[in-house]
Amino acid sequence: MARGKLRIYLGAAPGVGKTYAMLSEAHRRVERGTDCVVGYVEHHDRPRTEVMLHGLEQVPRRRLEHRGATFGEMDVDAVLRRAPAVALVDELAHTNVPGSRNAKRWQDVEELLAAGTDVVSTVNIQHLESLGDVVESITGVRQRETVPDEIVRRADQIELVDMSPQALRRRMAHGNIYQPDKVDAALSNYFRPGNLTALRELALLWVADRVDEYLNAYRSEHQVSRIWGSRERIVVGLTGGPEGRTLIRRAARLAEKGAGGEVLAVYISRSDGLTSASPKELAVQRTLVEDLGGTFHHVVGDDIPASLLDFARGVNATQIVLGSSRRKAWQYVFGPGVGATVARESGPDLDVHIVTHEEVAKGRGLPVARGGRLGRARIVSGWLVGLAGPAIFAVLLNTVDLGLANDMLLFLAVTVAAALLGGLLPALASAAFGSLLLNYFYTPPLHRLTVADPKNIVAIAIFFGVGMSVASVVDLAARRTHQAARLRAESEILSFLAGNVLRGETGLEELLERVRETFAMESAALLERAGDVEPWTCAGRAGFGPPLRRPEDADVDMPVGDHMALALTGRVLPAEDRRVLAAFAAQAAVALDRRRLQEEADQAKELAEGNRIRTALLAAVSHDLRTPLAGIKAAVSSLRSEDVAWSEEDRAELLEGIEEGADRLDHLVGNLLDMSRLQTGTVTPLIREIDVDEVVPMALCGVPEDSVELDVPETLPMVAVDPGLLERSVANLVENAVKYSPPRHRVVVSASAIGDRVEVRVVDRGPGVPDEAKDRIFEPFQRYGDAPRGAGVGLGLAVARGFAEAMGGSLNAEDTPGGGLTMVLSLRAAGTRPEALPVGEPSTEPERQAS
């Protein structure tokens, strides 16, 4: 049976109209005669969406009992028996109620597709598994209901359902998405304009990347080698010189001119030795291109123009940005250069920009020798000239008589050319071969390897000596050039390492990546062990390849002391490279020590923070607790005095003062002890399932009557909490709200279910708190504004948040619409995973969860 096709409506945020678009598509298909049924659609009591269900066949839902409540889930078996051509399945990332056929709804969809049924579904961008961390950083909300990206990527069609943030907030304010009592909280939390804009951009980029994947797959399937300029991709060729920054900025400006432009900076190094570029300059350029939104790539290739063009065509680039050559005019005799070669071979699909810069024609500098001193191409050329040249001249000179002196000069020129190209050995071979030819063809007696005139022997000997001398000079110059180039490259690397030591900039992983790139290796790892017989462990690694268990398993290992080694895989390094590698190894050990020292410093900082807390506790005991103690002492002394005859009213007033002072003292001591337990990590909550309406009323005993309005429905789901900690948290929140509420304004304590959590809101109409101070009010010993010292030691909110987080919940502050402050205590509903709960995420199905 052929597998069904999956169509997904991808939403940028809740409420943009995914379900409505899906139902509209269903009506179009039904009108065309397609057998289409509704497997599961949640309209959330939205009238326009509910109307769209009319006229569509709906498969009855399967009812499941869970913790005393009844839930409706898609009946997969019923849909399979019905076997429609198309099934509508809403909320692809939904987690099914325990007892369902599958744990996730996307697994239900997979069964329908395997049975040959086409499926139309919906999902929001924030529910994709790979984007969980990104969405959390944007919204502060961790999504627990997710769908694997691969499921969405395999969809045959993906349609983006989008809406501007302003329009979506208007829909929310008009009550088209959530009930009126949830609108204010949603608008001030998840549906803030910044959140919606960021989610919209995330959705657009994700869909654009998927379209790009489809395009690349099509080009590969149809063997399209020609570049399609559907999206501006600009490749910047870097040499490691200072002009790279100019090129990167120019490429970024070019990318900004087109929608969706992308910058890819690439540095190409040879595969047989140290790079000639400055590692420090490359690091600066890597940071610059990443700050401008581009990506940095390191490619190994001996033919730089060909490697650059292969990379550009591989990423479907449309433009290449290169810098004008730094070579001097005379250096062009060795070839046209990288820029001219790339421009000539780029073809009609790639635009090549040659950008001028301040380093033009200032010289390329000495290159680092690669393998041999002169290079393989020069050595081969030297042998060809040294052996073929004398033979050619011997043939030509047999037809022309120039005299022995001129013949020797011509042969000497060939020997010098061989020396200049190939060095000592080709020159020696050319001199010896040329001497034999001169003796055989031009020195009497002819055509014999003998010399009759002693003067000719001297001439041939001088010829041979001059050839050897020139070859030795060329070879010595090549050796000195090689040494100078290596020393230059090594000095740049060592100065880079020394600067990092002084500044403490490079971390261990970044340094290992630098080692890998510098030596063109596959991977680099720093191994260590505690003793001579202890096993090796990996302290850090970079690159690809199997993990190393011992330094001996690597292609190159550099010991660092007795129990540490830097191990590289990829190729065997020549001995002359190990000196620089030793410097890298020493710096890696320093980076590891620095990281561990930083960890110890962080631990010391925590200890110092604990000392600060204890100091503050002592200060609180010495100042804030003295007032109630003094009041109690004065009242008791007055009552015990026999000199004054107290009336019943006076005695009652004194006893009331004693009671109030004792209650205040008990509350302060309780908060101090709770804060001490939180700081030392000794709070161990005893989690059990309980109703919120059983705990919250008990937390209101310490506040004046008629100062609090309670709105906690009995139909709320049970929560998994420690009842004692929950009561203390709510009590502290209510006490703080009553303290700052104006007269004749009661504090509202309400609770509601949103998704798989329960939120307790404590709302006051006080002066409120600015956004920049909302986090500080939860720190220990913080009193907002001009609160007097007698108002407490500033621990109530810190204790409340600490207890909430200890139970797997969270506590955050919001602005109350119309003025004031709202404390939102988010608690984990019974039966959900014990993880930290965020605040403010709107549920995609709040009404059903609350039922």
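In what follows, every heavy atom counts, from backbone to side chain, and hydrogens, waters and symmetry copies are set aside. On a predicted model such as this, the values are computed, not experimentally measured, just so you know.
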*Indicate the atoms forming the closest heavy-atom contact of V235 with A317, along with that distance.*
CG2-CB, 3.6 Å
_A side-chain contact here means heavy atoms from C-beta on lying under 4.5 Å apart; do V147 and E129 qualify?_
no
*Could you state the interatomic distance from CD (E150) to CH2 (W106), rounded to the nearest 0.5 Å?*
10.5 Å
*Rounded to the nearest 0.5 Å, what's the gap from OG1 on T356 to CD on E243? Could you check?*
11.5 Å
*Do L238 and I248 come close enough that some side-chain heavy atom pair is under 4.5 Å?*
yes
*Scan side-chain atoms only and decide if Q319 and H353 contain a donor-acceptor pair under the 3.5 Å cut-off.*
yes
_Least distance between heavy atoms, V263 atom then A251 atom_ = CG2-O, 3.8 Å
_Any side-chain to backbone donor/acceptor pair from S324 onto V355? Under 3.5 Å, distance only._
yes
*For L350 and A312, which heavy atoms make the closest approach, and how far apart are they?*
CD1-CB, 4.1 Å
*Please report the closest heavy-atom contact between W206 and R153, naming both atoms and the distance.*
CZ2-CG, 4.3 Å
*Can you name the nearest heavy-atom pair linking I268 to L308, along with the distance?*
CD1-N, 3.4 Å
_Non-hydrogen atoms of A589 and V560 that approach each other most closely_ = CB-CG1, 3.6 Å
_Donor on one side chain, acceptor on other, D149 and S130, under 3.5 Å_ = yes
_Rounded at 0.5 Å granularity, tell me how far CG in L512 sits from CZ in R541._
10.0 Å
*Ion pair E599/R594, N-O distance below 4.0 Å*: no
*asked:* Taking D553 first and then R550, would you say they form a salt bridge - that is, a charged N and a carboxylate O separated by under 4.0 Å?
replied: yes
_CA sep, side-chain torsions, deciding dist, call: R250, R253, side chain to side chain contact (heavy atoms under 4.5 Å, CB included)_ = CA-CA 5 Å; R250 179 60 182 273; R253 290 197 298 270; 3.3 Å; yes
_I want to know whether H297 and F311 have ring centres closer than 6.0 Å._
yes
*Separation between CG of L309 and CD1 of I320, rounded to the nearest 0.5 Å*: 5.0 Å
*First locate atom CD of E262, then atom CZ of R233, and finally report the distance between them rounded to the nearest 0.5 Å.*
5.0 Å
*Does the pair E345 and T341 meet the rule for a side chain to side chain contact (heavy atoms under 4.5 Å, CB included), with working shown?*
CA-CA 6 Å; E345 300 179 0; T341 305; 3.8 Å; yes
*Measure the spacing between CG of L568 and CG of D555 and express it to the nearest 0.5 Å.*
8.5 Å
